[in-house]
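To start, the structure itself, in structure tokens.
Numbers here simply count residues along the sequence, with the first being 1.
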Amino acid sequence: MAVGTGSTERKIFEIIGPGILYAAAAVGVSHLVQATRAGANFGLSLTLVIVIACVLKYPTLRFGGMYSSATGETLIASYRQDGWIPFIIYAVAQIFSMVFVVAALGLFTTGLIQVSLGFKVNNIIAISVLLACILLMLLTGKYRVLEKVTKYIVAAFTVMIVFATALVLPKIHWSFAAFAVPELSFSLVPFLLALMGFMPTPAEGSVLQSIWTCARAKDCGQMANQKDAALDFNFGFCITIVLAMCFLFLGAGVMHSAGVEVVKSNFGFSRQLMELFTKTIGSWSFPLIALSSVSVMFSTMYTVVDGYTRIVVELVDNGFPNSTISRKGQGQKAYAIISIILCIAAVLVLATMMQSFATFMDLTSVIVFVTSPLIAILNHMAVFGRRMPVAQRPGPGMKLWSYVGIAFFSIVTLIYVYVKFIL
């Protein structure tokens, strides 16, 4: 696939694409709930923790678009070429967890919609309608439609969230002491691990970035060059950090400053935040925070369903190169079938496994943590390996940065496993 020459005259809006999809997928529960809860419980004291977690993950996440723009293939293809063992571990982990992730996101998103609009319906019906709408949007349009719709949604909720944050900034108690990291405690460690592990997104976000980079190249007939790919990802990555800070400040300004006791459940917490925001700023502000929250979660659902579907197609293509999916002209049909199966499976999981759903989500979280160091290592091997053109490999500084990121993923995972299963 030819590498495009790029043009400095092109507007950023035309260059960005996979990076915006990455931002939409990343800015979900991790931001709306975890970052806001961090501000609500601890004020500004976890600001540095969020920033450090995002910065240390940067190389691993950045390598997705970097590898694909240089080689014309996805990271999943690289994993397969590195051997069956890493490929199978990644494939099994993804296929098992994706159904529960889609189900959990659907449950949370429909809950937000119902609170925002003031009505209540059966969860299964609500999620079925939501996923049907997403499927209709994905199957009637190709990658270009996905990218265009997501750009406008991300632009809209970014403006709304920044504006909402500006309203509460005067209510935050600003001081250098407020940014001091709190002392570690037994109750704080699990929350910190979840915050660092999922902020701004787990390592698997790099694979989505890689897949969307190749999808965009296929759609427009030209692969982005490294300069455009870097601008694209950096733009989306910066959005995730800015919005993480915004949600942290929202929690600090609306809840922490008022000394409000935080509701433990994610859905209850989001409802509490919207109600408190209305009381603090005024009833006129409810539509603002409600629309912002729903837009965030809808864009996450929209991009995640698309991304997971493309991951399965890639897994089959690389695991079974002689399969029907790999044959010319079958790609769109395979995409449609897999996306429908994924959504039906998510609904069935909620309909039949609600009693043990929390257990499965805990297991999914464990899988995400355990596979993150593996993905970080495989991504490092990909961009510094023989398939990556020498001239396009990252420099020594990025290489060292990547090693630090791998160490970070590994340490967080080891502590998580210790706290979860041994302590």
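The line from CD1 of I337 to NZ of K333 is 5.5 Å long, rounded to the nearest 0.5 Å. Distance check, rounded to the nearest 0.5 Å: CD1 of I289 to OG1 of T165 gives 7.5 Å. Taking CZ of F179 as the reference point, atom CG of L48 lies at 10.0 Å (rounded to 0.5 Å). Separation of atoms OG1 (T150) and CG (L21) is listed at 5.0 Å; rounding is to 0.5 Å. With values rounded to the nearest 0.5 angstrom, Y416 atom OH is found 13.5 Å from L414 atom CG. Here the straight-line distance linking atom CG of L378 with atom CG of L374 works out to 4.5 Å at 0.5 Å rounding.
Taking the side chain to side chain contact (heavy atoms under 4.5 Å, CB included) definition, one finds that L350 meets it with A103, L107, I124, I127, M354, F357, sequence neighbours left out. Residues meeting the salt bridge (charged side-chain N to carboxylate O under 4.0 Å, His left out) test with R144, sequence neighbours left out: D219. When the side chain to side chain contact (heavy atoms under 4.5 Å, CB included) test is applied to D232, the partners found at least two apart in sequence or on another chain are I16, P18, Q209. Partners of L56 under the side chain to side chain contact (heavy atoms under 4.5 Å, CB included) rule, at least two apart in sequence or in another chain, are I52, V404, F408. Taking F235 as the reference, nothing meets the ring pair (Phe, Tyr, Trp, His ring centres under 6.0 Å) condition, with sequence neighbours excluded. Listed by chain and number, the residues in a ring pair (Phe, Tyr, Trp, His ring centres under 6.0 Å) with F96 are F100 (sequence neighbours excluded). Taking the side chain to side chain contact (heavy atoms under 4.5 Å, CB included) definition, one finds that T352 meets it with nothing, sequence neighbours left out.
Aromatic ring pairs are classed by plane angle as parallel below 30°, tilted from 30° to 60° and perpendicular above 60°; the pair F384 and H380 is tilted.
Within the structure, the side-chain hydrogen bond (donor to acceptor under 3.5 Å, both in side chains) test picks out the following pairs touching residues 272-287 (sequence neighbours left out): R271-E275. Legend: salt bridge (Lys or Arg N to Asp or Glu O under 4.0 Å) pairs involving residues 177-190, not counting sequence neighbours: none detected. A ring pair (Phe, Tyr, Trp, His ring centres under 6.0 Å) check over residues 117-138, counting only residues at least two apart or in different chains, returns nothing. For residues 116-126, there are no side-chain hydrogen bond (donor to acceptor under 3.5 Å, both in side chains) pairs, not counting sequence neighbours. Here side-chain hydrogen bond (donor to acceptor under 3.5 Å, both in side chains) pairs that include residues 151-160, with residues two or more places apart or in two chains, are E147-K151.
Put simply, the side chain of L32 reaches to within 4.5 Å of the side chain of S293, judged on heavy atoms. You'll find the side chain of V207 reaches within 4.5 Å of the side chain of I76, heavy atoms only. At a threshold of 4.5 Å between non-hydrogen side-chain atoms, the residues L138 and Y302 count as touching. Side-chain contact between F198 and S372 is absent, with no heavy-atom pair separated by less than 4.5 Å. The side-chain heavy atoms of R37 and F42, taken from C-beta on, include no pair separated by under 4.5 Å. Using a 4.5 Å cut-off on side-chain heavy atoms (C-beta onward), F237 and R62 make no contact. Proximity of L273 to M255: side-chain heavy atoms (C-beta onward) are separated by under 4.5 Å at one or more points. Inter-residue side-chain proximity for D362 and K420 is flagged as met; some heavy-atom pair is nearer than 4.5 Å.
N234 places a side-chain N or O within donor-acceptor distance of the main-chain N or O of A230, the cut-off being under 3.5 Å. A donor-acceptor pair is defined here as one N or O able to donate and one able to accept, closer than 3.5 Å; such a pair exists between the side chain of S299 and the backbone of S295. With hydrogens and angles disregarded, no donor-acceptor distance shorter than 3.5 Å links the side chain of T109 to the backbone of G106. The backbone N or O of V27 sits less than 3.5 Å from a side-chain atom of T300, completing a donor-acceptor pair. Side chain of S68 to main chain of G65: no donor-acceptor pair is present (N/O by atom type, distance under 3.5 Å, no hydrogens or angles). Counting only distance, with no hydrogens or angles, the side chain of R393 and the backbone of G385 share a donor-acceptor pair below 3.5 Å. Side-chain atoms of H31 come within 3.5 Å of backbone N or O of T240 as a donor-acceptor pair.
No side-chain donor-acceptor contact under 3.5 Å links D306 and Y143. A side-chain donor-acceptor contact under 3.5 Å links E73 and Y67. N379 and S206 are linked by a side-chain donor-acceptor pair at a separation below 3.5 angstrom, with hydrogens and angles left out of the test.
For the pair M301 and V102, the tightest heavy-atom approach, listed with the atom from each and the gap, is SD-O, 4.0 Å. Across S97 and A93, no two heavy atoms sit closer than the pair OG-O, 2.8 Å. Scanning both residues, M388 and V383, for their nearest heavy atoms gives CG-O, 3.2 Å. Among all heavy-atom pairs drawn from V304 and A25, the shortest one is CG2-CB, 4.2 Å. Nearest approach of T309 to V305, heavy atoms of both residues: OG1-O, 2.7 Å. The shortest non-hydrogen separation linking I172 to S257 is CA-OG, 3.8 Å.
S69 pairs in a side chain to side chain donor-acceptor pair (under 3.5 Å) with only one of the listed residues (K227, Q226, Q392), which is Q226.
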Please report the C-alpha distance between R310 and W212 in whole Å, then the side-chain angles of each, then the deciding distance to 0.1 Å, and finally whether the side chain to side chain contact (heavy atoms under 4.5 Å, CB included) criterion is met. CA-CA 9 Å; R310 294 181 189 276; W212 284 323; 4.0 Å; yes
Evaluate Y79 against Y90 for ring pair (Phe, Tyr, Trp, His ring centres under 6.0 Å), listing each step before the verdict. CA-CA 8 Å; Y79 298 165; Y90 174 80; 5.4 Å; yes
Before giving the answer on side chain to side chain contact (heavy atoms under 4.5 Å, CB included), spell out for L248 and T36 the whole-Å C-alpha distance, their side-chain angles and the decisive distance to 0.1 Å. CA-CA 5 Å; L248 178 79; T36 312; over 6 Å; no
Could you go through V296 and S292, starting from their C-alpha distance and side-chain angles, then the distance that decides it, and tell me whether this counts as side chain to side chain contact (heavy atoms under 4.5 Å, CB included)? CA-CA 6 Å; V296 165; S292 300; 5.6 Å; no
Before you tell me yes or no, could you show the steps for V121 and Q114 under side chain to side chain contact (heavy atoms under 4.5 Å, CB included), namely the whole-Å CA-CA distance, both residues' side-chain angles and the distance that decides it to 0.1 Å? CA-CA 8 Å; V121 297; Q114 291 178 66; 3.9 Å; yes
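No close placement of the F286 and F277 rings is indicated, their centers lying 6.0 Å or farther apart. Taking the six-membered ring for Trp, W401 and Y58 have ring centres closer than 6.0 Å.
With a 6.0 Å cutoff to the six-membered ring centre and a 45° limit on the axis angle, K57 does not count as a cation-pi contact of F409.
For L117, the CG atom counts as densely surrounded, since its 6.0 Å shell holds more than 12 non-hydrogen atoms of other residues, nucleotides or ligands.
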